[in-house]
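Here is the structure we will look at.
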Amino acid sequence: SVLNSMINRLLLLNSSRNAAIEEKRISDFERDFLKEYGGREKLKELLNNFGTTIDDYLQSIRDDRRIQIYLDEVLGKEINIKDK
């Protein structure tokens with residue numbers, strides 16, 4: 001189950017990287033995320049307590065955002081669910 005989730009995430013991430021998603025949307029999301037958590041240094045301090053680097057964590061956040069945009073705006077347009 002965990003392996004399938006990891007594979008699905010990688011497939012979605014690769015597909016989302018091929019889609020035309022503006023990098024500005026990803027960087028704006030990262031900026032807002034850092035602001036919400038009190039800035040880069042404060043988040044870095046918190047993550048160090050959990051044994052995670054800020055660069056790894058922010059990359060994960062950027063990847064998650066890219067996938068979400070891809071699911072909402074690219075795949076969401078291709079899926080047509082009828083009320084019936």
Side-chain angles (χ1 to χ4, degrees):
S1 176
V2 172
L3 181 59
N4 282 337
S5 293
M6 291 172 66
I7 291 169
N8 287 336
R9 186 175 190 283
L10 283 174
L11 290 171
L12 282 170
L13 184 57
N14 285 337
S15 294
S16 70
R17 286 183 175 149
N18 293 329
I21 297 171
E22 285 182 50
E23 288 301 316
K24 183 176 182 336
R25 294 178 69 189
I26 307 299
S27 60
D28 287 350
F29 178 79
E30 179 182 346
R31 182 200 64 228
D32 293 344
F33 181 84
L34 285 170
K35 187 177 181 180
E36 183 178 327
Y37 282 91
R40 186 177 184 89
E41 288 307 311
K42 189 169 184 178
L43 182 60
K44 183 178 179 180
E45 211 176 283
L46 176 67
L47 292 171
N48 282 337
N49 293 331
F50 292 101
T52 302
T53 68
I54 192 165
D55 291 332
D56 288 343
Y57 189 73
L58 288 176
Q59 184 60 54
S60 177
I61 294 297
R62 286 188 296 268
D63 290 346
D64 288 347
R65 182 63 180 151
R66 182 180 305 282
I67 289 170
Q68 190 61 53
I69 292 169
Y70 177 72
L71 289 173
D72 291 346
E73 297 179 7
V74 178
L75 289 183
K77 289 180 180 178
E78 295 177 9
I79 298 171
N80 185 9
I81 299 174
K82 300 181 186 214
D83 290 337
K84 193 174 189 178

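Quantities reported herein were computed from a predicted structural model and do not represent experimental measurements.
- The shortest side-chain heavy-atom distance between S16 and L13 falls under the 4.5 Å cut-off.
- For Y37, the side chain to side chain contact (heavy atoms under 4.5 Å, CB included) partners at least two apart in sequence or on another chain are F33, L43.
- Not counting sequence neighbours, the partners of D56 by the side-chain hydrogen bond (donor to acceptor under 3.5 Å, both in side chains) test are T53.
- The side chain to side chain donor-acceptor pair (under 3.5 Å) analysis of residues 2-13, with sequence neighbours excluded, yields the pairs R9-D64.
- Residues passing the side-chain hydrogen bond (donor to acceptor under 3.5 Å, both in side chains) test with K35, sequence neighbours excluded: none.
- With values rounded to the nearest 0.5 angstrom, D55 atom CG is found 12.5 Å from S60 atom OG.
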Name every donor-acceptor pair, under 3.5 Å, that has one atom in a side chain of residues 65-72 and the other anywhere in the protein, sequence neighbours excluded.
{"residue": "R66", "atom": "NH1", "partner": "E23", "partner atom": "OE2", "Å": "3.1"}
{"residue": "R66", "atom": "NH2", "partner": "E23", "partner atom": "OE1", "Å": "3.1"}
{"residue": "R66", "atom": "NH2", "partner": "E23", "partner atom": "OE2", "Å": "2.9"}
{"residue": "Q68", "atom": "NE2", "partner": "D72", "partner atom": "OD1", "Å": "2.9"}
{"residue": "Q68", "atom": "NE2", "partner": "D72", "partner atom": "OD2", "Å": "3.2"}

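- Placement of I26 and L12 within a single hydrophobic cluster is found when ILVMFWY residues are connected by side-chain heavy-atom separations under 4.5 Å, directly or transitively.
- Residues E73 and I21 have side chains not in contact (no heavy-atom distance under 4.5 Å, counting atoms from C-beta outward).
- Applying the side chain to side chain contact (heavy atoms under 4.5 Å, CB included) rule to Q59 yields the partners R17, R62, D63; only residues at least two apart in sequence or on another chain are considered.
- Applying the side chain to side chain contact (heavy atoms under 4.5 Å, CB included) criterion to N18, with sequence neighbours excluded, gives no partner residue.
- Every residue two or more places apart in sequence or in another chain was checked for a side-chain hydrogen bond (donor to acceptor under 3.5 Å, both in side chains) with D32, and none qualifies.
- Members clustered with I7: L3, L11, by chain and number, using a 4.5 Å side-chain heavy-atom cutoff among hydrophobic residues.
- The cluster map of Ile, Leu, Val, Met, Phe, Trp and Tyr, joined by side-chain heavy atoms under 4.5 Å apart, puts I61 and M6 in different clusters.
- Pairing each heavy atom of E30 with each of L58, the nearest pair is OE2-CD1, 3.5 Å.
- Residues meeting the side chain to side chain contact (heavy atoms under 4.5 Å, CB included) test with N48, sequence neighbours left out: K44.
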